[in-house]
Amino acid sequence: MNYVSTRNNSVKVSAAYAIAHGISAEGGLYVPESIPALTADDFAALSKLDYKGKAEFILKKYLTDFTDAEITHCVNGAYTGSFDDEKPAAIAQLGDKINILELWHGPTCAFKDLALQLLPYLLTTSTKKVADGKKTVILVATSGDTGKAALEGFKDVDGTEIIVFYPSEGVSPMQKLQMDSQKGNNVHVCAIKGNFDDAQSGVKAIFTDNETKATLAQNGMEFSSANSINWGRLVPQIIYYISAYCDMLAKGDDLSNGFNIVVPTGNFGNILAAYYAKEMGVPVNKLVCASNANKVLTDFINTGVYDRNRNFYTTISPSMDILISSNLERMLYILADGDDKYIADIQSQLANDGKFTVKESILNKLQTLFYGACCDDNGTLKTIKDTFDKYGYLCDTHTAVAVNAYEQYVADTNDNRPVVIASTASPYKFAKSVISALTDQIPNSEFDTVDALSGLTNTAVPTPIAELKTATARFKDIYEKQDMYKAVCKCLDIK
C-alpha cells in the first residue's frame with residue numbers, strides 16, 4: 001500500500017514515511033492509493049474479535065510495511081489498560097434504532113484518545129524505519145480535545161517532543177486545565193491570541209517552511225503532526241466505525257437495508273474515517289455531517305461553495321469551532337478522481353481568497369454521500385434536555401449537535417434506518433453548559449458544577465475529570481498568533 005499526496009500524486013511513499021512526516025512537502029495530505037475492501041467473511045471473522053483484534057486486522061490492510069509483530073505491539077500498547085472495561089468504543093442504545101457510539105472512555109474523556117493512544121506507537125515504529133535517528137517534534141493545533149489527547153499519548157515517549165497550541169479563549173475551562181496541567185518532560189503547551197483556525201494555519205505554515213525545517217535538521221530534529229492531517233491519526237478512527245457495525249451485527253440488528261452514521265465534526269476527519277469504513281464495505285446509507293453555528297461544512301454540502309469569509313462564533317461545542325476543515329481536502333481528492341492539480345488549485349483559492357466552488361459533478365457526488373445539518377447553542381441545549389428527558393441519557397454539547405442533526409435528517413427524509421451517532425466527549429468536559437440545559441441552579445466553580453451534574457443526573461464523574469480537582473497548571477504562556485515560530489524555538493531551546 002503506497003500513499004500519495006493530494007496536491008502531487010506523483011509523490012508515492014510508504015505508510016511509515018507518511019506517518020513519520022505527517023504532511024507532504026508541497027502541503028498536500030497523504031491518502032492511500034486504494035481503499036482495501038472487506039468481504040462478508042471478513043466481517044463475520046471481525047465480529048468474533050475484541051477491539052484489539054479488530055484493530056490489528058484493519059491496520060494490516062493499510063500499514064503493509066509494518067510487520068505483524070509491529071502492529072500487535074502498537075495495538076496492545078494503545079488499547080491495554082487505557083479504556084474503561086477494555087472497551088474503547090462501547091455502544092449505548094436509545095430506543096430501537098439509535099446507537100450512541102461512546103468514544104470517550106479513554107484517559108482524556110474524548111474521542112481523540114482512540115487515535116492518539118495508538119499514534120505514538122505508530123509514529124515511533126515509523127521513525128525507526130525512515131527518520132535516521134532524528135528526534136521527532138510533534139506540532140499540534142487544537143480546538144480542545146486533540147491537544148490533551150496528544151499530550152497524554154506522547155508524554156515521555158523517547159525520541160519525541162510535543163508542542164500544543166490552543167486558542168486562549170476558545171476552549172472550555174476543563175479542556176484548558178487538562179492541557180495546562182499536563183505532566184511529562186517532553187511536553188509543551190502554548191496558548192495563542194486567536195482562534196483554532198489561526199493555530200492550525202500557523203502550525204501548517206511552520207511545517208512547510210523550508211528554513212524552519214533546515215534549522216530543525218541542524219539540531220537533529222524533524223517535524224511530524226498529531227493532528228488529523230497525519231494519516232496515523234486517521235486510520236485508527238476507521239477502526240471504530242467498523243467495530244460498531246460488527247457489534248450491531250453481533251447483537252442481531254437488522255442491517256439488511258444499511259444504516260446511517262452521524263458525526264459532529266469541524267475538521268472533517270472523524271466523518272472522513274466513517275467514509276473510509278463505508279468504502280471498505282460497511283453498509284452505510286448516508287453520512288450526516290453535523291455542525292454548530294460555525295456551519296461552513298453544512299453550507300458547503302448544500303451549495304458546493306466553501307467560504308470561510310464569515311463570522312466566527314465561540315460556542316458551547318468548542319471542538320467544532322472551525323472554519324478551515326483541513327481533512328476535507330482528502331475527501332475532495334477522492335471525489336475529483338485523484339485530480340491533484342485541481343485540488344492544489346482550489347486549496348490555493350482557499351488560502352488566497354478564503355473560498356472556492358467545486359464542480360457540479362463533485363457536488364453531486366458529495367450530496368449523494370453526505371447530508372449536512374447544523375444547530376446553534378440554543379438548539380444544542382434543548383437537545384441535551386430532550387434527550388435526557390426522553391431516554392435518561394446525558395450527552396455532551398458536541399454529541400447533542402449530532403443528535404439534533406439526526407433529528408433534522410429524519411424529519412427531512414423520513415429515513416428511519418438504524419443509526420450510529422458518534423458521541424465524541426464526556427458531558428463532564430463541558431459540565432457548565434450541560435447542566436445549564438437541565439437546571440437554573442448552576443454553581444460558580446467548575447468542580448462544584450461537576451458534582452452538581454452528577455447528583456442531578458445520577459451519572460458517574462469519569463476518573464480523569466475527578467482527578468483534575470488537585471491538578472496544578474504548569475503552562476501559562478500566551479503568544480500572539482504571529483509568534484508561534486518563536487514559541488517553537490523557545491520550547492525546543494533552538495535559535
Side-chain angles (χ1 to χ4, degrees), residues 6-7 21-24 26-30 110 112 115-116 119 137-151 162-171 175-176 179 188-209 212 223-234 265-272 291-292 294 296-297 300 306-310 312-315 317-332 346-356 478-488:
T6 52
R7 302 187 197 180
H21 291 85
I23 191 170
S24 187
E26 79 295 327
L29 306 185
Y30 290 116
K112 308 293 176 72
L116 284 164
L119 180 60
V137 178
I138 311 295
L139 280 190
V140 178
T142 185
S143 54
D145 288 335
T146 290
K148 173 59 180 178
L151 290 163
I162 178 167
I163 306 171
V164 169
F165 292 97
Y166 72 88
S168 60
E169 302 299 323
V171 300
Q175 289 173 315
K176 179 179 172 63
M179 289 186 283
H188 313 273
V189 180
C190 306
I192 68 160
K193 296 177 182 177
N195 57 39
F196 169 75
D197 291 327
D198 296 322
Q200 181 170 249
S201 297
V203 163
K204 206 163 186 179
I206 293 168
F207 249 108
T208 53
D209 183 76
T212 300
F223 285 132
S224 190
S225 172
N227 281 96
S228 56
I229 57 173
N230 191 319
W231 178 252
R233 254 290 302 280
L234 197 58
T265 185
N267 222 5
F268 207 78
N270 201 4
I271 198 166
L272 178 62
S291 301
N292 61 17
N294 294 294
V296 65
L297 286 170
F300 175 63
Y306 193 99
D307 188 356
R308 65 175 175 83
N309 301 312
R310 60 178 68 207
F312 177 89
Y313 298 102
T314 300
T315 74
S317 45
S319 296
M320 300 160 66
D321 290 350
I322 294 170
L323 295 179
I324 303 174
S325 305
S326 60
N327 259 294
L328 184 62
E329 180 172 339
R330 283 187 165 109
M331 189 73 246
L332 292 173
I346 61 173
Q347 291 300 318
S348 176
Q349 291 177 43
L350 181 63
N352 295 327
D353 305 325
K355 65 184 294 186
F356 61 81
I478 302 177
Y479 292 88
E480 299 290 342
K481 61 187 179 183
Q482 64 268 24
D483 291 335
M484 289 172 61
Y485 175 66
K486 292 180 181 177
V488 169

Self-check item: Inter-residue atom distance Thr212.OG1 - Tyr485.OH, 0.5 Å rounding
Solution: 4.5 Å

Exercise. Answer yes or no: is there a donor N or O on one side and an acceptor on the other, between the side chain of Thr208 and the main chain of Lys204, under 3.5 Å?
Key: yes

Exercise. Heavy atoms only: give me the nearest Tyr30-Trp231 pair and the separation to one decimal.
Key: O-CE3, 4.1 Å

Quiz item: Is the CD atom of Gln349 crowded by more than 12 outside heavy atoms at less than 6.0 Å?
Solution: yes

Quiz item: If you round to the nearest 0.5 Å, how far is CZ of Arg330 from CG of Leu272?
Solution: 7.0 Å

Exercise. Using the side chain to side chain contact (heavy atoms under 4.5 Å, CB included) rule, take Phe312 and Leu323 through it: C-alpha gap first, then chi angles, then the decisive distance, then the call.
Key: CA-CA 7 Å; Phe312 177 89; Leu323 295 179; 3.9 Å; yes

Self-check item: Check: Leu297 and Phe268 side chains under 4.5 Å, non-hydrogen atoms
Solution: yes

Practice problem: Report yes or no: does Asp307 contribute a side-chain atom to a donor-acceptor pair with the main-chain N or O of Lys355 at less than 3.5 Å? | Solution: no

Quiz prompt | Under 3.5 Å donor-acceptor, Asp321 side chain and Thr315 backbone | solution = yes

Quiz item: Out of curiosity, Tyr166 OH to Thr142 OG1, how far, rounded to the nearest 0.5 Å?
Solution: 10.5 Å

Self-check item: Validation row: Val203, Phe207 side chains within 4.5 angstrom (heavy atoms)
Solution: yes

Quiz item: Between atom CZ of Phe196 and atom OG1 of Thr314, what is the distance when rounded to the nearest 0.5 Å?
Solution: 13.5 Å

Self-check item: Backbone of Gly28 reached by a side-chain donor or acceptor of Glu26 within 3.5 Å
Solution: yes

Quiz prompt | Smallest separation among heavy atoms of Ala487 and Cys190, with atom names | solution = CB-SG, 4.2 Å

Quiz prompt | Pro167 side chain reached by Asp198 side chain, heavy atoms, under 4.5 Å | solution = no

Exercise. For Arg233 and Leu116, indicate whether the former's side chain and the latter's backbone hold a donor-acceptor pair under 3.5 Å.
Key: no

Exercise. Working to the nearest 0.5 Å, report the span between CD1 of Ile138 and CG of Asn230.
Key: 8.0 Å

Self-check item: Tyr306 (side chain) donor-acceptor with Ser325 (main chain) under 3.5 angstrom
Solution: yes

Quiz item: Is a side-chain donor-acceptor pair under 3.5 Å present for Ser168 with Lys193?
Solution: no

Quiz item: Just by distance, with hydrogens left out, do Asn267 and Asn327 show a side-chain donor and acceptor under 3.5 Å apart?
Solution: no

Exercise. Compare every heavy atom of Asn270 with every heavy atom of Thr265, then report the nearest pair and how far apart it is.
Key: OG1-N, 4.3 Å

Quiz item: Would you say Ile23 and Leu29 make side-chain contact, with heavy atoms under 4.5 Å?
Solution: yes

Self-check item: Considering all heavy atoms, the nearest Ala141-Asn227 contact
Solution: O-ND2, 2.6 Å

Practice problem: Mind checking side chain to side chain contact (heavy atoms under 4.5 Å, CB included) for Ser348 and listing every partner two or more places apart, or none if nothing turns up? | Solution: Asn352

Exercise. Would you check if Met179 and Leu151 make a side-chain contact, meaning some heavy-atom pair closer than 4.5 Å?
Key: yes

Practice problem: With the side chain counted from C-beta on, respond yes when Ser143 and Ser319 share a heavy-atom pair under 4.5 Å apart, and no when they do not. | Solution: yes

Exercise. For residues Ser228 and Gly269, report the shortest heavy-atom separation together with the two atoms involved.
Key: OG-CA, 4.4 Å

Quiz item: Are the side chain of Asp145 and the backbone of Lys112 linked by a donor-acceptor contact shorter than 3.5 Å?
Solution: no

Quiz item: How long is the span from the CD1 atom in Ile324 to the CZ atom in Arg308, to the nearest 0.5 Å?
Solution: 4.5 Å

